[in-house]
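See structure below.
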There are 2 protein chains.
Amino acid sequence: MDLKTLRSLVSLVENDFNVSRTAEQLFLVQPAVSQHIQRLEQELGTQLFVRQGKRLVGLTDTGETVVQYARKVLAETRNIIEVGREHVEQASGVLRIGTTHTQARYVLPPVIKAFNKAYPKVELQIHQGNPQQLEEMAMDDQVDFSMCTEVLGENPQLTTVPCYQWNRSLIALHDHPILAQKKISLKSLSQYPIITYVLGFTGRGHFSSTFSNAGLKPRVVLSAADTDVIKTYVREGMGVGIIASMAYTPKQDRDLELRDLSKLFPWEITVIAYPKGKYLRHYQQHFIELIQSCVAEPNRWSGLLPI
Amino acid sequence: MDLKTLRSLVSLVENDFNVSRTAEQLFLVQPAVSQHIQRLEQELGTQLFVRQGKRLVGLTDTGETVVQYARKVLAETRNIIEVGREHVEQASGVLRIGTTHTQARYVLPPVIKAFNKAYPKVELQIHQGNPQQLEEMAMDDQVDFSMCTEVLGENPQLTTVPCYQWNRSLIALHDHPILAQKKISLKSLSQYPIITYVLGFTGRGHFSSTFSNAGLKPRVVLSAADTDVIKTYVREGMGVGIIASMAYTPKQDRDLELRDLSKLFPWEITVIAYPKGKYLRHYQQHFIELIQSCVAEPNRWSGLLPI
DNA sequence: ACTCCTTACGGAGCACGTAACTATA
DNA sequence: TATAGTTACGTGCTCCGTAAGGAGT
């Protein structure tokens, strides 16, 4: 058995069993990949792939199992070369963070500032996506880790580290009638057109269920993936906005009134997730700690709570 | 990076950094292993070994980490090979069980009988040892799994599957004065010379602490690793025996009187342990189930309880 | 003097590439 | 006919072994 062989195997599965494409991706020629598979099947004495004529169309049961283990092997070898890089590059390299717009824009800035000061040689990359994409990115090593609120907690292949809690606030134009109310309730919210996040984003799950548990149906007239879009349409007078509290910036959002809604909705927990067993370099671990300590700092109100 | 390279690395550590011996064990020549290490260190760009002159004497910090991951890589490749064998050999192969004398002699016989009937082509090997040795055997893949009562539960590298519960009984010659008592207590036990298992064996830990918790000191005049030895000396009149209940065989032990002591001591749990993530072949999993079901059978009293 | 590891070099094996062939849409 | 994979074969690379050299005990 050989590492290259296993790489071909896994890559082949990821390329929908297309041998030519796999070869190209691995900087090999087609017959080489074919040989890899043949050798592997011969060595294990079993068919790994289901074939239609000459074409590979799927994995056999044993194939599934083997691929599973092969992935682990490759993950561990990645860890090994990562350990090497760690020592060679010391405090330089790349940090790839997967996250959502809201986090990137309203939570991470102080963290990234501090991080850049501590590790000026580390290049930072922010990869944006929706929670499903973020999960994939973390799994496929497209990013070093993903920072996200929903879903991630449930994947058993991922280690999750809780970072902070947050909740929602209402934003509305100063003259909006809802601001006349002393206490804003779910019921009163449901009487006005609402602008908030799209499904699958930033705690939208709990948002919807909170209303339906109360037997109410919110009138969401517009939903967007990012807070800035929401604000824009609130300013247009399309409705009231319900956003993550940390996304309100007093200076720039003076024209919008803020009302805390943390009494109405459950608190959301934002976590960092990366594949189980992945080797984290010092600065990667440090970044996670930086998030937690930045959140804990009392000087900036943001609606965030440390966990 | 190459699997052979990693194998050399790990093997080198296991051979106390002796390159020559490692080479021999891997059916290579010395320079080959040297090259492996050099290549690896060059590829990772870091020292893995601490050197005294030309001699390797230890691992660097990064070396430790790398070895850790290398072990995982090799474990996973073993899994892959195993998956292959599974299909090729179908229901044949070898099953290597690590266990103690008591288990091998008094618990396993019906299990092994049933197993052999189900998988006549599988060769069974029973490797005996004390709990520490059993743990090592399981970790180093010297056995497929170990069956044991103590220690094993605490090693985070091992998966443990509970099999059954058991407790202790007293054995004594018919005319022994202790048998005149209606109820045998810890206190009365501590008045007579006792023969039981050696430390580290078969629940001896809880045995000792039970007495000391009651402020008593048992007079253990002889301790042995195996029940047959204990019985022998009980027959010699050296004292009363305290043994695992399942080790009493009514037919052969007619000359010894039995008294259940499960009210006095905590129940012990015997588990099967194997390295986390290890691939278990069908018949290996089946063997574990067989133990559990044999224990659950009502027709043979043995002092065992299913879990 | 012995053990242990490294360096240097040569050869054998094998994995990859090229090219021709086959099968499937 | 174009696309995809296998078979056949040659070559270049790489890895291992032999042999000689240094370093420490």
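Residue numbers start from 1 in every chain, and the chains themselves are labelled A, B, ... in the order their sequence lines are given, proteins ahead of strands.
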So what does Phe17(A) hit on the nucleic acid, given a heavy-atom distance under 4.0 Å: a base, only sugar-phosphate, or nothing? sugar-phosphate
Please state how far atom CD in Glu24(B) lies from atom P in dT3(C), giving the value in whole angstrom units. 13 Å
Nearest-nucleotide wise, let me know which of Leu28(A) and Ser34(B) is further upstream toward the 5' end of DNA chain C. Ser34(B)
Mind calculating the distance between CD (Gln30(A)) and P (dA15(C)) to the nearest angstrom? 19 Å
Donor on one side chain, acceptor on other, Glu76(B) and Tyr279(B), under 3.5 Å: no
Tell me whether the side-chain N/O atoms of Asn18(B) come closer than 4.0 Å to OP1 or OP2 in dC5(C). yes
Roughly how many Å is it from CZ in Arg39(A) to P in dT7(D), rounded to a whole number? 14 Å
Heavy-atom neighbours of Lys121(A) NZ exceed 12 at 6.0 Å: no
At 4.0 Å (heavy atoms only), tell me whether Val19(A) reaches a base, stays on the sugar-phosphate, or touches nothing. sugar-phosphate
Have a look at Asp2(A) and say if it touches a base, only the backbone sugar-phosphate, or nothing, with a 4.0 Å heavy-atom cut-off. nothing
Heavy-atom check, side chain of Phe49(B) versus side chain of Leu12(B), under 4.5 Å: yes
Of the listed dA19(D), dT18(C), dC5(C), the closest approach to the Lys54(B) side chain comes from dC5(C)
Using a cut-off of 4.0 Å on non-hydrogen atoms, how would the nucleic acid contact of Gln38(B) be classed: base, sugar-phosphate, or nothing? sugar-phosphate
Just call it for Phe49(B): base, sugar-phosphate, or nothing, with non-hydrogen atoms closer than 4.0 Å on any strand. nothing
Mind checking whether Phe287(B) and Tyr283(B) have ring centres under 6.0 Å apart? no
Separation of dT3(D) C1' from Asp16(A) CG (nearest whole Å): 16 Å
Is it the case that atom CZ in Arg281(A) sees more than 12 heavy atoms from other parts of the structure closer than 6.0 Å? yes
Could you check how far CZ of Arg51(B) sits from C1' of dC4(C), rounded to whole Å? 13 Å
Select one nucleotide: of dC4(C), dC16(D), dT6(C), the one nearest the side-chain heavy atoms of Ser20(B). dC4(C)
Arg21(B) vs dC5(C): side-chain N/O to OP1/OP2 distance below 4.0 Å: no
Closest to the 5' end of DNA chain C, once His36(A) and Gly53(A) are matched to their nearest nucleotides, is His36(A)
Once you round it to whole Å, what is the distance between C1' of dC14(C) and CG of Leu3(A)? 17 Å
Let me know the distance between CE of Met1(A) and C1' of dA15(C), rounded to the nearest Å. 17 Å
I want to confirm an ordering. Mapping Arg55(A) and Gln35(A) to their closest nucleotides on DNA chain D, which one lands closer to the 5' end? Arg55(A)
Gap between atoms CD and P, on Gln52(B) and dC5(C) respectively (whole Å): 12 Å
